[in-house]
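What's counted below: heavy atoms across the whole structure, side chains too, no hydrogens, waters or symmetry copies.
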Amino acid sequence: MVGAYAFGPISGGHFNSAVTLGLAAAGRFAWKDVAGYLVAQIVGGVLAAALIFAIANGQPGGYTGTLGANGFGEASPGGYSLLSVALIEVVLTAVFVLVILGVTSGRAAAGFAPLAIGLTLTLIHLISIPVSNTSVNPARSIASAIFGAGRRWRSCGPSWCSRSSAACWPA
């Protein structure tokens with residue numbers, strides 16, 4: 001929420017690849033700028049995950065966790081199937097993009113968008129962390145998979161596909 005208030009006026013607050021795709025599909029962001037934003041989001045996610053991993057790895061014995069990487073089957077916190085994980089990620093990513101499209105429209109009350117976005121993201125995480133470790137952000141999923149356990153890479157393909165399609169659904 002703080003990031004949206006702080007960086008929204010500078011860059012539009014584009015931290016999430018799915019949101020960038022959704023805004024472009026809705027005609028509210030230029031397609032010519034999408035690739036640059038996607039690269040920046042992935043690089044930013046990887047740098048942030050590297051920092052968190054470096055800090056966590058400083059504990060005695062190093063860090064052996066997953067850094068919150070998404071997963072299904074044995075890599076899901078609740079052991080959920082690929083179908084369950086894909087469904088929850090698609091639906092909640094679409095809800096997130098829909099909320100963002102609504103609260104940033106010209107008809108929405110000015111100044112409240114980051115609050116609505118932050119509260120929606122909180123609710124999404126409360127609902128889906130037990131299912132997939134939730135992300136609703138493909139760039140964040142890639143970054144976590146790099147520094148999480150190696151088995152998490154298998155979740156990146158489905159994560160990118162489901163979230164990318166969900167991003168365009170509300171548009």
Side-chain angles (χ1 to χ4, degrees), residues 1-57 63 65-72 75 82 85-86 88-105 113-114 116-118 120-122 124-125 128-129 132-171:
M1 186 172 0
V2 173
Y5 275 111
F7 297 108
I10 298 168
S11 68
H14 287 243
F15 306 110
N16 187 323
S17 306
V19 172
T20 299
L21 290 170
L23 289 171
R28 303 222 339 241
F29 188 72
W31 280 106
K32 68 179 180 58
D33 297 328
V34 168
Y37 271 72
L38 295 179
V39 169
Q41 289 158 346
I42 293 168
V43 169
V46 169
L47 291 174
L51 175 64
I52 293 168
F53 181 76
I55 293 167
N57 205 36
Y63 180 73
T66 64
L67 210 64
N70 300 113
F72 60 90
L82 174 60
V85 168
I88 200 160
E89 290 284 346
V90 166
V91 170
L92 293 180
T93 298
V95 166
F96 190 52
V97 172
L98 184 62
V99 166
I100 290 171
L101 289 171
V103 300
T104 60
S105 75
I117 292 166
T120 301
L121 191 58
T122 299
I124 286 169
H125 279 77
S128 59
I129 282 174
S132 65
N133 268 336
T134 208
S135 173
V136 297
N137 184 342
R140 187 272 229 213
S141 296
I142 288 174
S144 295
I146 290 171
F147 295 96
R151 67 181 188 271
R152 301 304 171 115
W153 276 106
R154 71 184 185 140
S155 297
C156 281
S159 295
W160 260 93
C161 293
S162 63
R163 287 190 205 99
S164 298
S165 63
C168 299
W169 179 18

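How far CG of L101 is from CZ of F96: 11.0 Å, rounded to the nearest 0.5 Å. Put simply, CG on N16 and OG1 on T93 are 7.5 Å apart, with the number rounded to the nearest 0.5 Å. Considering CZ of F147 and CG of L67, their distance stands at 8.0 Å, rounded to 0.5 Å. Taking OG of S135 as the reference point, atom NE2 of H125 lies at 6.5 Å (rounded to 0.5 Å). The line from OG of S141 to CD1 of I42 is 10.5 Å long, rounded to the nearest 0.5 Å. Taking CZ of F15 as the reference point, atom CG of L121 lies at 11.0 Å (rounded to 0.5 Å).
Using a distance-only test at 3.5 Å, with no hydrogens or angles considered, a donor-acceptor pair links the side chain of S105 to the main chain of G102.
Among all heavy-atom pairs drawn from S132 and V85, the shortest one is CB-CG1, 3.6 Å. Closest approach of G22 and V97 over heavy atoms only: CA-CG1, 4.0 Å. Contact detail for N70 and E89: the closest heavy-atom pair is ND2-OE2, 3.8 Å. When all heavy atoms of S144 and A69 are compared, the pair lying nearest together is CB-CA, 3.7 Å.
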Using distance only, find each side-chain donor-acceptor pair of residues 48-57 under 3.5 Å and give its atom names and separation, not counting sequence neighbours.
residue : atom : partner : partner atom : Å
N57     : OD1  : Y63     : N            : 2.8

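Remark: T120 pairs with no residue by the side chain to side chain donor-acceptor pair (under 3.5 Å) rule, at least two apart or across chains. Listed by chain and residue number, V43 satisfy the side-chain contact (heavy atoms from CB on, under 4.5 Å) test with V39 (two or more places apart in sequence, or in another chain). Qualifying side-chain contact (heavy atoms from CB on, under 4.5 Å) partners for A30, counting only residues two or more places apart in sequence or in other chains: K32, D33. Scored by the side chain to side chain donor-acceptor pair (under 3.5 Å) test, S128 finds T134 as partners (sequence neighbours excluded).
Partner of R140 under the side-chain contact (heavy atoms from CB on, under 4.5 Å) criterion, out of N137, V136, I142: N137 alone.
Between L21 and W31 the shortest side-chain heavy-atom distance falls below 4.5 Å.
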